[in-house]
Amino acid sequence: MAELKLGKLPDRTPVKLSISVMPELHQRLEAYAAAYAETYQVREPLTELIPAMLSAFLEGDREFQRRRASGHRRPETLP
């Protein structure tokens, strides 16, 4: 069976997360959760998967990692 980009979540202390998303994104997140459950035989709630997905996204963003490594900070005020 093929692995998903997001690996199986490690044991962790639950953290409550509340967000609002558009209906289409919610459907896609539910579909991803179903694929995750099928792949790992573990059903995880979206509130557990979303933070891991965001972390994976940020870790995979090379430009963001480059900026963090160089100490690049967002300007105090935007033009």
Side-chain angles (χ1 to χ4, degrees):
M1 186 179 306
E3 296 267 328
L4 295 175
K5 183 169 182 146
L6 178 63
K8 187 173 181 182
L9 298 179
D11 290 340
R12 64 232 173 257
T13 302
V15 176
K16 183 176 181 177
L17 174 69
S18 295
I19 63 169
S20 296
V21 297
M22 300 303 282
E24 181 182 329
L25 177 56
H26 182 255
Q27 291 171 348
R28 292 169 55 196
L29 290 168
E30 290 287 353
Y32 192 92
Y36 181 95
E38 182 180 319
T39 300
Y40 299 113
Q41 289 77 50
V42 177
R43 181 160 295 281
E44 296 284 357
L46 288 177
T47 55
E48 296 292 333
L49 290 173
I50 291 170
M53 294 166 77
L54 289 172
S55 291
F57 174 83
L58 293 173
E59 289 170 12
D61 188 324
R62 291 182 182 169
E63 176 62 17
F64 178 67
Q65 293 300 328
R66 184 186 67 75
R67 287 177 180 224
R68 284 189 67 200
S70 70
H72 182 78
R73 299 283 185 240
R74 181 178 170 177
E76 292 294 323
T77 59
L78 296 175

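Residue numbers start at 1 and run along the sequence shown. Side-chain atoms are counted along with the backbone in the values below, which use heavy atoms only and exclude waters and symmetry mates.
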Just wondering, do [Y] and [X] contact through their side chains at under 4.5 Å, heavy atoms?
X     : Y     : result
Arg67 : Glu63 : yes
Phe64 : Glu59 : no
Leu49 : Leu29 : no
Leu9  : Tyr40 : no

Exercise. Between Tyr36 and Glu44, which heavy-atom pair has the shortest distance, and what is it?
Worked result: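 Nearest heavy atoms, Tyr36 then Glu44: CE2-CG, 3.4 Å.
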For this session: Specify the closest pair of heavy atoms between Ala33 and Leu46, including all atoms of both residues, with the distance to one decimal.
Result: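 Looking at all heavy atoms of both residues, the closest pair is CB-CD2, 3.9 Å.
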What distance separates [X] [atom1] from [Y] [atom2], expressed to the nearest 0.5 Å?
X     : Y     : atom1 : atom2 : value
Met22 : Arg28 : CE    : CZ    : 12.5 Å
Arg43 : Glu38 : CZ    : CD    : 10.0 Å
Ile50 : Tyr32 : CD1   : OH    : 12.0 Å

Exercise. Do the side chains of Leu6 and Phe57 join up, straight or via other hydrophobic residues, at under 4.5 Å, putting them in one cluster?
Worked result: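 Looking at the clustering, Phe57 is in a separate group from Leu6.
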Exercise. Is Leu4 reachable from Met53 through a run of I, L, V, M, F, W or Y residues, each pair having side-chain heavy atoms under 4.5 Å apart?
Worked result: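 Yes, same cluster.
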